[in-house]
Amino acid sequence: MLCVGGRSGAIDAYRQLVEQSGGRFLHHDGGLEESLHRIDGVLAAADLVICQAGCISHNAYWRVKEQCKRTGKRCLFVRNAGVSSFGRMISAACAEEN
């Protein structure tokens with residue numbers, strides 16, 4: 001599972017939620033400090049993308065959206081970068097898989 005964006009202080013909490021759900025956590029900050037070119041590699045490695053749209057650059061948002069559409073990758077967009085919102089998205093995604 002790839003998390004794009006989010007609050008830098010909450011990354012460990014996001015990781016813990018994903019790993020508690022049995023997933024492998026990947027993260028890209030959405031172009032704030034990391035290169036946007038690196039996002040393609042982590043997108044390719046993910047089976048699910050949670051994009052925290054309020055915490056990334058416009059370029060990253062469109063890149064994620066287009067890549068997911070082109071590759072058929074499931075992408076969930078979240079406006080709120082809080083840990084509880086992220087946890088609800090993980091729970092909902094896991095429930096849909098089962």
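Remember, predicted model here, so these are calculated numbers, not experimental data. Only heavy atoms go into these numbers, but all of them, side chains included; no hydrogens, no water, no symmetry mates.
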Heavy atoms only: give me the nearest [X]-[Y] pair and the separation to one decimal.
X   : Y   : answer
S8  : I11 : O-CG1, 3.3 Å
C51 : I56 : SG-CD1, 3.4 Å
V83 : A10 : CG2-CB, 3.8 Å
Q52 : C3  : NE2-SG, 3.7 Å
A60 : L36 : CB-CD2, 3.4 Å
L26 : V42 : CD1-O, 3.9 Å

Quick check against the 3.5 Å criterion: does [X] have a side-chain atom that pairs as donor or acceptor with the backbone of [Y]?
X   : Y   : result
Y14 : R7  : yes
S21 : I90 : no
H28 : G41 : no

- [ ] Keeping to residues at least two apart or across chains, list the salt bridge (Lys or Arg N to Asp or Glu O under 4.0 Å) pairs with something in residues 73-85.
- [x]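 Only R74-E96 qualify under salt bridge (Lys or Arg N to Asp or Glu O under 4.0 Å).
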
Open item on the list: Go through it in stages, so that I can follow the logic: the residues are F86 and I50, the test is side chain to side chain contact (heavy atoms under 4.5 Å, CB included), and I'd like the CA-CA distance, side-chain angles, deciding distance and then a yes or no.
Closed with: CA-CA 8 Å; F86 187 84; I50 295 181; 4.0 Å; yes

TODO: Group every Ile, Leu, Val, Met, Phe, Trp and Tyr by side-chain heavy-atom contacts under 4.5 Å, then state whether V78 and V49 land in the same group.
DONE: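 Looking at the clustering, V49 is in a separate group from V78.
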
Open item on the list: Applying side chain to side chain contact (heavy atoms under 4.5 Å, CB included), can you list everything that pairs with E66, at least two apart in sequence or on another chain?
Closed with: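 Here no residue qualifies.
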
Distance (rounded to the nearest 0.5 Å) between [X] [atom1] and [Y] [atom2]:
X   : Y   : atom1 : atom2 : result
L43 : R38 : CG    : CZ    : 10.5 Å
K65 : R70 : NZ    : CZ    : 15.5 Å
F25 : Q20 : CZ    : CD    : 12.5 Å
L2  : L48 : CG    : CG    : 8.5 Å

TODO: Please assess M89 against S85 for the test side chain to side chain contact (heavy atoms under 4.5 Å, CB included), listing each intermediate value before the final yes or no.
DONE: CA-CA 6 Å; M89 292 300 284; S85 295; 5.8 Å; no

Task: Residue pair D29, H27: steps toward the side chain to side chain contact (heavy atoms under 4.5 Å, CB included) verdict - done: CA-CA 7 Å; D29 74 0; H27 180 260; 4.0 Å; yes

Open item on the list: Check D40 with R63, please: is the shortest side-chain N to carboxylate O separation under 4.0 Å?
Closed with: yes

TODO: Could you walk me through whether F77 and C75 pass the side chain to side chain contact (heavy atoms under 4.5 Å, CB included) test, one step at a time?
DONE: CA-CA 7 Å; F77 291 91; C75 186; 3.6 Å; yes

